[in-house]
Amino acid sequence: MKFWLLKSEPDTFSYTDLESALNKGTVWDGVRNYQARNILRDDINVGDKAFFYHSSCKEPGIAGLCTVTETNITDPSSLDPTSNYYDPKSSPDNPRWITIRVVADRALNRVITLKELRQHEALSEMVLLNRGRLSVQPVSEEEWETILGLEHS
DNA sequence: GCCAACGTTGGC
DNA sequence: GCCAACGTTGGC
C-alpha cells in the first residue's frame with residue numbers, strides 16, 4: 001500500500017463533499033497535467049491511502065483521509081463536450097486522461113495547515129513543500145505517519 | 001489581486 | 001528541438 005496527496009479546491013469540491021458521497025465516493029476528474037496523470041494511471045493502486053488537501057482557499061491544508069477504490073477510469077469529463085475539462089484529442093478508444101475513484105475514510109479532527117507542515121524538519125522533503133503545484137503527488141510512509149502524529153498535538 | 005514557478009504551445 | 005510567449009496554479 002502506498003500513500004498520496006490529492007489536491008482539491010474546497011469551493012469546488014471539499015472533503016465534506018466527499019463524505020457526502022458515502023461509499024460511492026467520487027471519480028477524481030479534471031486533472032490535466034501529464035505528471036499527475038501518469039501518477040494516477042501508473043502508480044496508484046486500489047487500497048492506497050491519500051490525504052485530501054484543500055488548496056486555493058483561506059486555510060490551505062490537509063482536511064481528511066481517503067482510500068482508492070477503483071483505478072484505470074477514463075476521466076468522463078474529458079469526453080464530455082459540455083465540460084470545462086473536455087479534451088477533443090481524447091476519445092473512448094484512445095483516452096488521454098485516466099483517473100481513479102476515491103471514498104472518504106475519515107476527516108482529521110482539525111485541518112493540518114500548510115503553514116504547520118512547513119514547520120517540521122521531518123517533512124522538509126515533502127513534494128508538497130518543494131513542488132507545490134503538482135495536484136497528485138506521492139507521500140512517503142514516514143511523512144504519512146508524521147502528519148497523522150500531528151493531528152492530536 | 002499579485003506574482004513566482006512552471007507547464008504548454010507553436011513558430012522557426 | 002529550441003525557446004519565447006502565454007496560461008495556470010496556488011500561496012500570500
Side-chain angles (χ1 to χ4, degrees), chain A residues 2-21 25-44 48-68 71-102 104-140 142-144 146-151 153:
Chain A
K2 287 184 283 189
F3 303 98
W4 309 96
L5 183 145
L6 303 173
K7 288 186 192 174
S8 185
E9 299 187 16
D11 291 346
T12 304
F13 192 83
S14 70
Y15 190 75
T16 303
D17 294 325
L18 184 63
E19 287 182 311
S20 299
T26 192
V27 172
W28 203 259
D29 64 0
V31 171
R32 294 294 178 272
N33 169 285
Y34 286 104
Q35 197 175 354
R37 188 281 310 269
N38 292 347
I39 292 170
L40 290 167
R41 186 188 60 189
D42 303 334
D43 298 335
I44 299 185
D48 285 358
K49 301 286 186 185
F51 289 129
F52 190 110
Y53 179 89
H54 285 168
S55 66
S56 291
C57 59
K58 190 174 178 185
E59 195 172 51
I62 297 168
L65 311 181
C66 51
T67 298
V68 177
T71 58
N72 199 30
I73 301 169
T74 296
D75 183 334
S77 67
S78 68
L79 304 177
D80 175 3
T82 68
S83 169
N84 289 335
Y85 297 115
Y86 177 61
D87 182 354
K89 293 174 181 167
S90 189
S91 69
D93 290 343
N94 190 17
R96 177 173 296 209
W97 303 107
I98 304 297
T99 190
I100 62 172
R101 178 182 296 275
V102 296
D105 191 348
R106 65 175 180 84
L108 297 187
N109 76 327
R110 63 188 183 87
V111 173
I112 299 179
T113 62
L114 177 63
K115 187 179 173 187
E116 181 174 352
L117 296 173
R118 287 192 196 286
Q119 292 166 358
H120 295 277
E121 179 61 29
L123 301 175
S124 63
E125 299 299 312
M126 269 194 88
V127 176
L128 182 70
L129 307 184
N130 292 289
R131 303 177 48 209
R133 262 163 259 100
L134 191 60
S135 66
V136 176
Q137 48 179 264
V139 174
S140 74
E142 291 77 12
E143 290 162 352
W144 181 270
T146 298
I147 290 166
L148 289 182
L150 298 176
E151 186 180 5
S153 65

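No hydrogens, no waters, no symmetry mates; every other heavy atom, side chains included, goes into these values.
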So A/W4 and A/Y53, ring-ring contact (aromatic ring centres under 6.0 Å, His included) or not? Walk me through it. CA-CA 10 Å; A/W4 309 96; A/Y53 179 89; over 10 Å; no

Not counting sequence neighbours, list each pair that qualifies as a side-chain hydrogen bond (donor to acceptor under 3.5 Å, both in side chains) and has a residue in residues 88-97 of chain A. A/Y34-A/R96, A/D87-A/W97

Heavy atoms of chain A, cut-off under 4.0 Å: which first and last nucleotide of DNA chain C, 5' to 3', fall inside that, if you could look? C/dT9 to C/dC12

Report the residues that fulfil salt bridge (Lys or Arg N to Asp or Glu O under 4.0 Å) with A/R110, sequence neighbours left out, ordered by chain and then residue number. A/E116

Taking salt bridge (Lys or Arg N to Asp or Glu O under 4.0 Å) as the test, write out the residues that go with A/D80, two or more places apart. none

Side chain to side chain donor-acceptor pair (under 3.5 Å) partners of A/D29, counting only residues at least two apart: none

Distance-only donor-acceptor hits, side chain of residues 120-136 of chain A, under 3.5 Å, sequence neighbours excluded:
| from | atom 1 | to | atom 2 | distance (Å) |
| --- | --- | --- | --- | --- |
| A/S124 | OG | A/E121 | O | 3.0 |
| A/N130 | ND2 | A/S124 | O | 2.9 |
| A/N130 | ND2 | A/M126 | O | 2.8 |
| A/R131 | NH2 | A/Q35 | OE1 | 3.1 |

Close approaches to DNA chain C from residues 79-93 of chain A, in residue order (heavy atom, under 4.0 Å): none

Got A/C66 and A/L18 here, is their nearest side-chain heavy-atom distance under 4.5 Å? yes

Set of residues satisfying salt bridge (Lys or Arg N to Asp or Glu O under 4.0 Å) with respect to A/R37, sequence neighbours excluded: none

Strand contacts (DNA chain C) in residues 123-133 of chain A, 4.0 angstrom heavy-atom criterion: A/G132, A/R133

Pairing residues for A/E142 by the salt bridge (Lys or Arg N to Asp or Glu O under 4.0 Å) criterion, not counting sequence neighbours: none

Taking DNA chain C as the partner, which of residues 111-120 of chain A come within under 4.0 angstrom of it by heavy atom? A/L114, A/R118

Using modelled atom types and a 3.5 Å cut-off, is there a donor and acceptor pairing between side-chain atoms of A/D48 and backbone atoms of A/K2? yes

Side chain to side chain, A/F13 and A/T26, heavy atoms closer than 4.5 Å: yes

Who passes ring pair (Phe, Tyr, Trp, His ring centres under 6.0 Å) against A/W144, sequence neighbours left out? A/F3, A/F51

